[in-house]
Amino acid sequence: MFLTISTTGTPERPATDLGYLLHKHPEKAQAFSTSYGRAHVLYPEASPDRCTAALLLEVDAVALVKRGKGKGRGGAPDAALAQYVNDRPYAASSLLAVALSGVFSSAMRGVCTARPERAAEPLPLRIEVPALPARGGPELVRRLFEPLGWTVAVEQIALDERFPEWGASRYVRLLLESEERTLAEALRHLYVLLPVLDDAKHYWVAPDEVDKLLRAGEGWLADHPEQKLITTRYLSRRWSLARAAMERLELVRLAETDDSEVEDIDNAVEADSEEEKPTPLAVQRREAILTALRAAGVTRVLDLGCGQGQLVQALLKDVSFTEIVGVDVSMRALTIASRRLKLDRMGERQASRVKLLQGSLAYTDKRLKGYDAAVLSEVIEHLDLPRLPALEYAVFGAAHPRTVVVTTPNVEYNVRWESLPAGHVRHGDHRFEWTRAEFRAWADAVAERHGYGVEFVPVGPDDPEVGPPTQMAVFTRTDKEKEAKAA
Ligand code: SAH
């Protein structure tokens, strides 16, 4: 496994400063042991004009398999490891990325005591990776590196040059050039994007991988157009981790761009293409919820799974809602919500109307008792199906408000989203999406079990064939006896 980093220089700013920046002397070949084998750093050329450092990793197949045994799911050897044992020994992959961060850790952090000023400034860089496993091919390679200011030359490698009819291998030859990046930035791009392209991360993804990703992604990942793909692939498609990472990146972006609203992907889709200024679906959803709450004469309301607080904000604007409580399991979402609502700068009167609570809807919570209404807007689909009865009990059984409004995507409508590949759910964290019939069946059963009547309201354009994009159920308590007792 192999890559080279080259730079050019002048007598005042010699190229050999690369040795200082990498903390590896150009005149010595050095070897380091890493978890996956021996890493070598050597300089095929080192003059004031041009300097090239090469990183080579000799993968130790035995160590790899042993490691796999210890770390794989349930202690079984990880099948994904077989690929590395059989892989071309010089192909760059996520193993090389791990070696890179081990061998060049100070350089990756931009630390250079000998040449601190040079570490902070961009330099002409040329990075060559002769064999890079790249799932997604040259096109994805470009989509990943070009937004970061690299000029990308990428070439697919044939499976066997003697037999072109065999087609392309999963390897590309990659050349990156830029004069705008610091060495630390370049190393951090490689550290994240090599495993992303490899897309077969070999080791057990631990929660601290999120921290590693965010540290390496500092300054570029929050705004990268392929952020979602990078995050989910880097974290080996572990959605819970990818989601945590994206939430944190969102905080970074919010901190940088003030209050800009971060919406679901469906908000970007037009509600009605005929209309001149389409209303985002999320806005239509909030309007539909407000209408239902007003019609029910609600004044004290729970927004369960309030996320970043958009609905809470809309409720605050209507003085008929005297008490508004947002509840979410995610502290990060609540932090964003509190910033959006400017809770710290709110007048006393206004502040007394609103509260944000952290809590899980999968558990009965005394704090949720005694409200007129509860809203579950785009929340149920975020729970694993087996957890849904627990939420049902906590909301309809224990909290038992007079009105409950539930919205959820209508999966039938997904064929109408242009940007959504067939068979995909709308949001990475949706554990399920229901058809109209499935949602009705669930809602009817819930109403029956807990003493409610239920009505269904379409939200967004009601397509004659597939129905509306969002389906909404409005539950109203019918058990007069209990209501009288509660009053
Ligand atoms: N209601 C908002 C946000 C929907 S996203 C809107 O309509 O835009 C779903 C939200 O539910 C997320 O903020 C997530 O953190 C929250 N959530 C998921 N599972 C939860 C649980 N078990 N308890 C509380 N909140 C939960």
Side-chain angles (χ1 to χ4, degrees), residues 239-251 254 261-269 279-293 301-316 324-341 354-368 373-396 398-399 404-410 425-434 457 459-460 468-474:
W239 284 109
S240 56
L241 293 182
R243 177 136 180 270
M246 284 188 277
E247 273 177 9
R248 283 166 63 179
L249 286 165
E250 210 162 86
L251 273 176
L254 277 175
E261 198 160 330
V262 186
E263 298 278 3
D264 292 351
I265 73 153
D266 52 2
N267 294 349
V269 178
T279 312
L281 182 58
V283 175
Q284 299 191 51
R285 201 154 48 217
R286 287 199 283 277
E287 280 309 318
I289 294 167
L290 289 171
T291 304
L293 293 174
V301 56
L302 297 165
D303 181 9
L304 304 176
C306 64
Q308 303 175 1
Q310 288 96 333
L311 179 64
V312 172
Q313 192 172 33
L315 287 162
L316 266 171
I324 305 151
V325 179
V327 179
D328 206 285
V329 74
S330 156
M331 251 343 268
R332 288 184 194 103
L334 291 174
T335 308
I336 297 177
S338 140
R339 198 175 310 173
R340 172 192 302 281
L341 297 167
V354 60
K355 213 164 25 181
L356 297 178
L357 301 177
Q358 200 218 356
S360 170
L361 301 170
Y363 300 92
T364 315
D365 189 336
K366 284 204 282 283
R367 298 174 298 176
L368 308 186
V375 177
L376 287 160
S377 163
E378 308 295 285
V379 172
I380 58 171
E381 65 276 8
H382 289 264
L383 272 84
D384 288 322
L385 270 175
R387 300 297 292 156
L388 205 51
L391 172 139
E392 176 193 326
Y393 179 74
V395 177
F396 292 88
V404 182
V405 179
V406 180
T407 77
T408 194
N410 163 22
V425 294
R426 286 179 215 175
H427 185 295
D429 196 51
H430 287 181
R431 307 304 164 88
F432 61 88
E433 283 179 353
W434 276 337
V457 183
V459 181
T470 295
Q471 33 187 352
M472 180 163 98
V474 182

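For ligands, and for the atoms within them, numbers begin at 1 and follow the listed sequence.
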**OP:** Carefully, step by step, assess Arg285 and Thr407 under the rule side-chain hydrogen bond (donor to acceptor under 3.5 Å, both in side chains).
**Re:** CA-CA 8 Å; Arg285 201 154 48 217; Thr407 77; 4.6 Å; no
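Heavy atoms of Ala282 stay at 4.0 angstrom or farther from ligand 1.
Inclusion of Leu361 in the set of residues having an N or O under 3.5 Å from an N or O of ligand 1 is warranted. Checking only distances, Leu383 never comes within under 3.5 Å of ligand 1, N or O to N or O. Taking only nitrogen or oxygen atoms, main chain and side chain alike, Asp328 reaches within less than 3.5 Å of ligand 1. Of the polar atoms of Ala333, none of the N or O atoms is found under 3.5 Å from an N or O of ligand 1, judged by distance alone. Considering backbone and side-chain atoms together, Glu378 places no N or O closer than 3.5 Å to any N or O of ligand 1.
Atoms OG and CG, on Ser360 and Leu391 in that order, are 8.5 Å from each other to the nearest 0.5 Å.
Near Ser330, meaning under 4.0 Å from any of its heavy atoms, are these atoms of ligand 1: 15 (O). Per-residue contacts place Gly359 under 4.0 angstrom from the following atoms of ligand 1 (heavy atoms of the residue considered): 23 (N), 24 (C).
Between Pro468 and Val459, the shortest heavy-atom distance links the atoms CB-O, 3.4 Å. Here the closest non-hydrogen pair linking Val457 and Val474 is CG2-CG2, 4.3 Å.
Figure legend: Arg387 and Phe432 shown without cation-pi pairing, the cationic atom not lying both under 6.0 angstrom from the six-membered ring centre and within 45 degrees of its axis.
Considering Val329, Ile336, Leu391 only, the shortest heavy-atom separation from atom 24 (C) of ligand 1 involves Val329.
Partners of Tyr393 according to the ring-ring contact (aromatic ring centres under 6.0 Å, His included) rule, which considers only residues two or more places apart in sequence or in another chain, do not exist here. For Glu381, the salt bridge (Lys or Arg N to Asp or Glu O under 4.0 Å) criterion is met by no residue, not counting sequence neighbours.
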